[in-house]
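The first residue in the sequence is number 1, and the count goes up from there. We count ligands from 1, going down the list as the structure has it; atoms in each ligand are counted the same way. Only this structure's heavy atoms are used, side chains among them; waters, hydrogens and symmetry mates stay out.
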Amino acid sequence: MNTFYEKLLKCAEAVSEKISFRPEIGLVLGSGLGDYAETMQIEETLEYADIEGFPISTVSGHKGRFLFGYVKGVPVVAMQGRVHYYEGYPMQDVVLPIRLMGKMGVKKVILTNAAGGVNYDFHPGTLMIITDHITSLVPSPLIGPNEESLGTRFPDMSEVYSRRLRDIIKKAGENTGVSLKEGVYVQFTGPAYETPAEIRMCRAIGGDAAGMSTACEAIAARHMGLEVCGISCITNLAAGMSDRPLDHKEVQETADKVAADFTRLITESIRLMGQLD
Ligand code: HPA
């Protein structure tokens with residue numbers, strides 16, 4: 001058996017020993033967006049540190065726990081804090097939490113992140129529905145022996161971000177009055193922000209937003225057959241697009257400012273997703 005798969009099974013066993021809640025939707029809360037979890041009707045909590053072998057995030061603004069509870073009656077597991085490739089974990093560990101949510105029985109995942117705006121139509125505070133991604137600049141989380149019980153060796157990636165879930169987020173935007181853009185997310189490794197030349201490259205290859213997470217998680221989730229959607233909070237104009245140097249504080253401040261819109265959008269999206277089969 002693969003060692004990563006053994007680790008996944010061990011983590012899944014640890015979770016099932018501690019948690020009885022059965023979530024249907026997995027929600028990953030990105031930088032500065034973690035407070036959303038406070039609006040849930042929380043039933044159970046599990047610190048990542050209490051799951052043996054689980055990778056722990058070291059980034060400020062990222063707590064480290066799973067919250068199990070209801071959003072408008074829909075059973076959800078939220079990840080308050082994720083792990084990033086730049087923290088030094090191999091990609092298989094970076095996506096272990098997503099796989100673990102799959103093992104918990106989640107069928108749909110909502111991935112959120114903070115990202116730099118590459119598209120000239122975006123500004124700090126824009127919420128972008130991810131339509132597609134480019135991960136060619138980071139290693140694939142599927143590299144290594146394939147675990148057939150999770151998914152096929154060569155999974156299709158022609159609709160990573162489910163059209164019907166994207167339509168639901170659009171509908172949620174209409175219902176709540178939260179305006180939304182759409183675009184392609186490009187994953188870089190970080191942790192340094194990109195250079196202006198890298199951002200020009202990003203735009204040239206079709207990117208609208210630049211970030212350091214998410215797309216690898218989406219790949220692992222699709223590999224397992226989960227239905228995926230994603231929302232980027234554009235926290236800053238990407239490198240070279242403004243006179244200001246980039247810093248993590250600005251990212252968190254912008255995420256704080258959009259927290260109210262983000263909360264309404266996610267809550268309504270989950271309510272609508274709960275009506276799907
Ligand atoms: N680049 C990469 N990741 C980010 C950015 C950015 O400009 N802003 C927030 N996360």
*Contact check: Tyr193 vs ligand 1, nitrogen or oxygen atoms, below 3.5 angstrom*: no
_Which residue and atom name correspond to the protein heavy atom nearest atom 8 (N) of ligand 1, and how close is it?_
Asn236 OD1, 2.7 Å
*Are any of the side-chain heavy atoms of Ile266 and Tyr36 separated by less than 4.5 Å?*
yes
_If you compare all heavy atoms of Pro97 against all heavy atoms of Val83, which two are closest, and at what distance to 0.1 Å?_
CG-CG2, 4.2 Å
*Mark yes or no for whether Tyr120, through its side chain, and Met241, through its backbone, hold a donor-acceptor pair below 3.5 Å.*
no
*Ignoring hydrogens and geometry, is there a side-chain-to-backbone donor-acceptor pair from Thr254 to Thr235 under 3.5 Å?*
yes
*To which protein heavy atom is atom 5 (C) of ligand 1 closest, and what is the distance rounded to 0.1 Å?*
Gly116 N, 3.3 Å
_Does only the side chain of Ala115 get under 4.0 Å from ligand 1, or the backbone, or both, or neither? Count heavy atoms._
backbone
_I'd like to check which ligand 1 atoms, numbered from 1 as shown, lie under 4.0 Å from a non-hydrogen atom of Thr235._
8 (N), 9 (C)
*Could you tell me whether Glu24 and Lys108 make a salt bridge, using a distance below 4.0 angstrom between a side-chain N and a carboxylate O?*
no
*Nearest protein heavy atom with distance in Å, relative to atom 1 (N) of ligand 1*: Glu194 OE1, 2.7 Å
_Which option wins on minimum heavy-atom distance to atom 3 (N) of ligand 1: Cys233, Ala238, Gly30, Gly211?_
Gly211
*Distance from atom 4 (C) of ligand 1 to nearest protein heavy atom, with residue and atom*: Ala210 O, 3.7 Å
*Taking only Lys NZ, Arg NE, NH1 and NH2, and the carboxylate oxygens of Asp or Glu, determine whether Glu253 and Lys249 approach each other closer than 4.0 Å.*
yes
_Minimum-distance protein heavy atom relative to atom 10 (N) of ligand 1_ = Ala114 O, 3.3 Å
*Near Arg163 CZ, under 6.0 Å, is it more than 12 heavy atoms from other residues, nucleotides or ligands?*
no
*With heavy atoms under 4.0 Å as the rule, classify the contact between Leu246 and ligand 1 as side chain, backbone, both or neither.*
side chain
_Proximal atoms of ligand 1 relative to Val251 (non-hydrogen, under 4.0 Å)_ = 8 (N), 9 (C)
*What atoms of ligand 1 come within less than 4.0 Å of a heavy atom belonging to Met212?*
2 (C), 3 (N)
Side-chain donor-acceptor pairs of residues 64-78 under 3.5 Å, sequence neighbours excluded:
| from | atom 1 | to | atom 2 | distance (Å) |
| --- | --- | --- | --- | --- |
| Arg65 | NE | Gln80 | OE1 | 2.6 |
| Arg65 | NH2 | Gln80 | OE1 | 3.1 |

